[in-house]
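It should be emphasised that the depicted structure is a prediction, and the values quoted were computed from it without experimental measurement.
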Amino acid sequence: MKQKIAELIEQAVADLIAAGSLPEGLKPRIQIDNTKDKSHGELASNIAMMLAKPARKSPRELATLVVDALPESQWVEKVEIAGPGFINFFLTDQGGLQVVHQIIEQKEQFGRSTVGAGAKLQVEFVSANPTGPLHVGHGRGAAYGETLSNLLEAIGYQVDREYYVNDAGRQMDILATSVWLRYLQQSGQEITFPSNAYKGDYVIEFADQLVNEYSSKFVHVAEDVMQGICDDEPAGGDKEKHIDQLIERAKKLLGTTNYRTIFDYGLDHIRDDIKQDLEEFGIEYQGWFSERAMMETGKVESAIEQLQERGFIYEKDGALWFKSTDFGDGKDRVVQRDNGQPTYFASDIAYHLNKFQRGYKEVINIWGADHHGYMARVKAALKALGEDPERLKIRLVQFAILYHGKERLSMSTRSGSFVTLRELREEVGNDAARFFYVTRKVEQHMDFDLELAKSQSKDNPVYYIQFAHARIASVQKKLKDEGLSWNSDASQYHLERLIEPQEKALINKLALYSETILKSAEMGEPHQLVNYLRELAGIFHGYYTEHKVLVENQEIRNARLTLYICTGQIIHNGLTLLGVSAPDSM
RNA sequence: GCGCCCGUAGCUCAGCUGGAUAGAGUAACUGGCUUCGAACCAGUUGGUCGCACGUUCGAAUCGUGCCGGGCGCACCA
């Protein structure tokens, strides 16, 4: 509809120029806004104010000219000039009612579009290290990534969701060693658990299972394990050195095969647990990309070599450095340590190069806010490799700060004292959790009070929207119970009987659904859809209490039922994109 | 010190890429179920949009500088 109005204005301006009323060469950007206040009509344009200066006329005078030159249209009831020079458009009922027919015809498909033209996109999200279960901080990235993917699919893109599994590197070694040390403790060895190891209960569970499954196969006496290891931090030593030496000791005493067994035991269980957790949260990935597998095929070395061939690698202090400062990064970065090991950053370069080579139109990364320092260097590397860094879109998700009443909770995986995503889901339910996470825009820091989420779960806005859907379903059930039915013949809707202000408001809101989806998807802002649904539900609830649907008059009844069905359909469609259920009863 | 994000009602947050009188939820108060589900509705109270300049017809929105909060600035992942 905005498009149609814009065309009318364009035509009017062109005619005025041709008639000499306006100077040549004006190329206005025509802007049409939805009005906030219905006394201003449905749509408004600021064109007269925009052109006032170049045309050397007052805005109101100009507005009069434009309005007089507007072609007739079946969609426009009347046009008014208001305020400093706004042109307000009041639409005909016929224009607004179109949407009702479209919703009934298209059902679940309504609101979807093809602007993406089937282009392939990749969205990578969560990608938490498999060193422990997901906590509530990861939940935000999970809910956001999935919802964004849904929205992008809704506007016609083909989306691959991917999880990058950091299953190589020091953190994983620390995990494997943690499991082994717990295993030794369970086997009766006197060992002080390192301050820097993973202390979560799940590590002890793995140890128990290993004892059951492998008995004493991996046991070494405490003296052999601890001999010559430097002091841990509580004893006045260095905790990093302490754990590193223990890792080396584990590898040496266990040998490659046994070490790998323990390593994989932890990795596989945690990865499977994460996978299941996310599936229960309504998220299914198209790909789980293993860093270790990538390294084993030599892609990391190859990426470094490519940078080398292009002359962006130099050696200093025995390490290999990438000249990222040539591409706008703040300092050069090490890609290979002096001990010959590639850095995490090197893996990242190889991984992103690999993504780019898979033919995506755009690659979208959803990162925690703590990773923002990596944006510059990853883009620098892609540029150095001859790729267009603009194809990489990075969205930073701010942390959710957890409170238990007034008390602020820690979210460290290492300390083991975190609230898991699974616990949250069990406490507040998947629907409320999914909804709550995307209610605020991602750049916004979020306070998450668990106490509130639990005790006031009935006040959660998700129920407000779901309730509207349930009410609609309930009315339809009642209709059937009374032996009546909705006449689905379009010629019998009797939409002309919809004359109440709430009915007009509802139709108006329904007409905005499609553009809300488009905007939410393109801007990556699911919260816009959330706000829309809340407003829609609000208008509906007001309407519901004010006017009965199941009235005697058949025509009015059928008209209102039609509107109800449309509203229910839109709530269903919207909630589905958010990964939230639309129940018929609650 | 440098970089990114954020300061809007007592609290949690919107504000549709610069528009008309800055809005919801929550909390407080008032009223509404013999009527399709009261997890609801109607109303009242509540604001120096962090501060100061600037850009223009017009700024919560854009620019600069301060103030305050969060997060980064490794041969860690």
(request) Would you mind classifying the nucleic acid contact of A:His527 as base, sugar-phosphate or nothing, using non-hydrogen atoms under 4.0 angstrom? (result) sugar-phosphate
(message) My understanding is that a pair needs two contacts under 3.5 Å, Watson-Crick or G-U wobble. By that rule, which nucleotide pairs with B:rA20?
(response) none
(message) Under 4.0 Å, counting only non-hydrogen atoms across every strand here, what does A:Ala376 touch: a base, just sugar-phosphate, or nothing?
(response) nothing
(message) With a 3.5 Å limit on both atom pairs, tell me what B:rC29 is paired to, counting Watson-Crick and G-U wobble, or say none.
(response) B:rG43
(request) State, without any angle test, whether A:Glu162 and A:Tyr351 hold a side-chain donor-acceptor pair at a distance under 3.5 Å. (result) yes
(message) Once you apply a heavy-atom cut-off of 4.0 Å, does A:His547 come out as touching a base, just sugar-phosphate, or nothing?
(response) base
(request) For the side chain of A:Ser474, starting at C-beta, report the closest nucleotide among B:rG37, B:rA14, B:rA74. (result) B:rG37
(message) Categorize A:Asp332 for me: base, sugar-phosphate, or nothing, with a 4.0 angstrom heavy-atom threshold over every strand shown.
(response) nothing
Look for any protein N or O under 3.5 Å of an N or O in nucleotides 58-63 of chain B and output each such pair with its distance, or none.
none

(message) Expressed as a whole number of angstroms, how long is the span from A:Phe436:CZ to B:rU26:C1'?
(response) 12 Å
(message) So A:Asp317, base contact, sugar-phosphate only, or nothing? Heavy-atom distance under 4.0 Å.
(response) base
(request) Between A:Asn129 and A:Leu43, name the one whose nearest nucleotide on RNA chain B is closer to the 5' end. (result) A:Leu43
(message) Pairing donors with acceptors under 3.5 angstrom, does anything connect the side chains of A:Ser347 and A:Glu291?
(response) yes
(message) I'd like to check A:Ile30 versus A:Ile47 (side-chain heavy atoms, cut-off strictly below 4.5 Å). Are they in contact?
(response) yes
(message) Regarding A:Ala470, tell me which of base, sugar-phosphate or nothing describes its non-hydrogen contacts under 4.0 Å with the strands shown.
(response) base
(request) Would you indicate what A:Lys478 reaches in the nucleic acid, counting non-hydrogen atoms under 4.0 angstrom: base, sugar-phosphate, or nothing? (result) sugar-phosphate
(request) Could you tell me which nucleotide pairs with B:rC62 by Watson-Crick or G-U wobble geometry, both distances under 3.5 Å, or answer none if nothing does? (result) B:rG54
(message) Need one value for A:Asp329: base, sugar-phosphate or nothing, where a base atom within 4.0 Å counts as base even if backbone is also close, heavy atoms only.
(response) nothing
Nucleotide N/O of nucleotides 5-9 of chain B paired with protein N/O under 3.5 Å:
| unit_1 | atom_1 | unit_2 | atom_2 | d |
| --- | --- | --- | --- | --- |
| B:rC5 | O2' | A:Gln398 | NE2 | 3.4 |
| B:rC5 | O2' | A:Glu443 | O | 2.8 |
| B:rC5 | O2 | A:His445 | NE2 | 3.4 |

(request) Name the residue closer to the 5' end of RNA chain B, choosing between A:Gly542 and A:Arg534 according to the nucleotide with the nearest heavy atom. (result) A:Arg534
(message) Classify A:Ala319 by what it touches in the nucleic acid, base, sugar-phosphate, or nothing, heavy-atom distance under 4.0 Å.
(response) base
(message) Under 4.0 Å between a side-chain nitrogen and a carboxylate oxygen: does that hold for A:Arg170 and A:Asp244?
(response) yes
(request) Answer with base, sugar-phosphate or nothing: what part of the nucleic acid does A:His372 contact at a heavy-atom distance below 4.0 Å? (result) base
(message) With the 90 degree cut-off around zero defining syn, does B:rU17 come out syn or anti?
(response) syn
(message) In terms of relative ring orientation, are A:Tyr544 and A:Phe540 parallel, tilted or perpendicular, with 30° and 60° separating the classes?
(response) tilted
(request) Check every atom of B:rC75, B:rA20, B:rC36 against the side chain of A:Val334 and return the nucleotide holding the closest atom. (result) B:rC75
(request) Using the six-membered ring for Trp and the full ring for Phe, Tyr or His, decide whether A:Phe467 stacks on the six-membered base ring of B:rG37 (centres under 5.5 Å, planes under 30°). (result) no
(request) Run the ring-centre check on A:Tyr437 versus A:Tyr144 and record whether the distance is less than 6.0 Å. (result) no
(request) Tell me the partner of B:rG1, counting only Watson-Crick (N1-N3 plus N6-O4 or O6-N4) or G-U wobble (N1-O2 and O6-N3) with both under 3.5 Å; none if nothing fits. (result) B:rC73
(request) With sequence neighbours left out, write down each residue that passes salt bridge (charged side-chain N to carboxylate O under 4.0 Å, His left out) with A:Lys478, or none if nothing qualifies. (result) A:Glu482
(message) Applying a 4.0 Å non-hydrogen cut-off, can you work out what A:Asp370 is touching in the nucleic acid: base, sugar-phosphate, or nothing?
(response) sugar-phosphate
(message) Test side chain to side chain donor-acceptor pair (under 3.5 Å) on A:Asn166 and A:Gln171; report intermediate values, then the result.
(response) CA-CA 9 Å; A:Asn166 287 120; A:Gln171 292 304 318; over 6 Å; no
(request) Look at all strands and tell whether A:Ser347 reaches a base, only sugar-phosphate, or nothing, counting heavy atoms closer than 4.0 Å. (result) nothing
(request) Mark this stacking check for A:His371 against B:rG72 as yes or no, applying ring centres under 5.5 Å and ring planes under 30°. (result) no
(message) Could you check whether A:Arg292 pairs with A:Asp264 (Lys NZ or Arg NE/NH1/NH2 to Asp/Glu carboxylate O, under 4.0 Å)?
(response) yes
(request) Give the rounded distance in Å between these two atoms: CG of A:Asp348 and C1' of B:rC75. (result) 16 Å
(message) Quick one about A:Asn365 and A:His352 (side-chain donor to acceptor, distance below 3.5 Å, no hydrogens or angles considered), yes or no?
(response) yes
(request) With rounding to the nearest 0.5 Å, note down the distance linking OG1 in A:Thr177 to CD in A:Glu248. (result) 9.0 Å
(request) Could you let me know what B:rU35 is paired to, Watson-Crick or G-U wobble, both distances under 3.5 Å, or none if it's on its own? (result) none
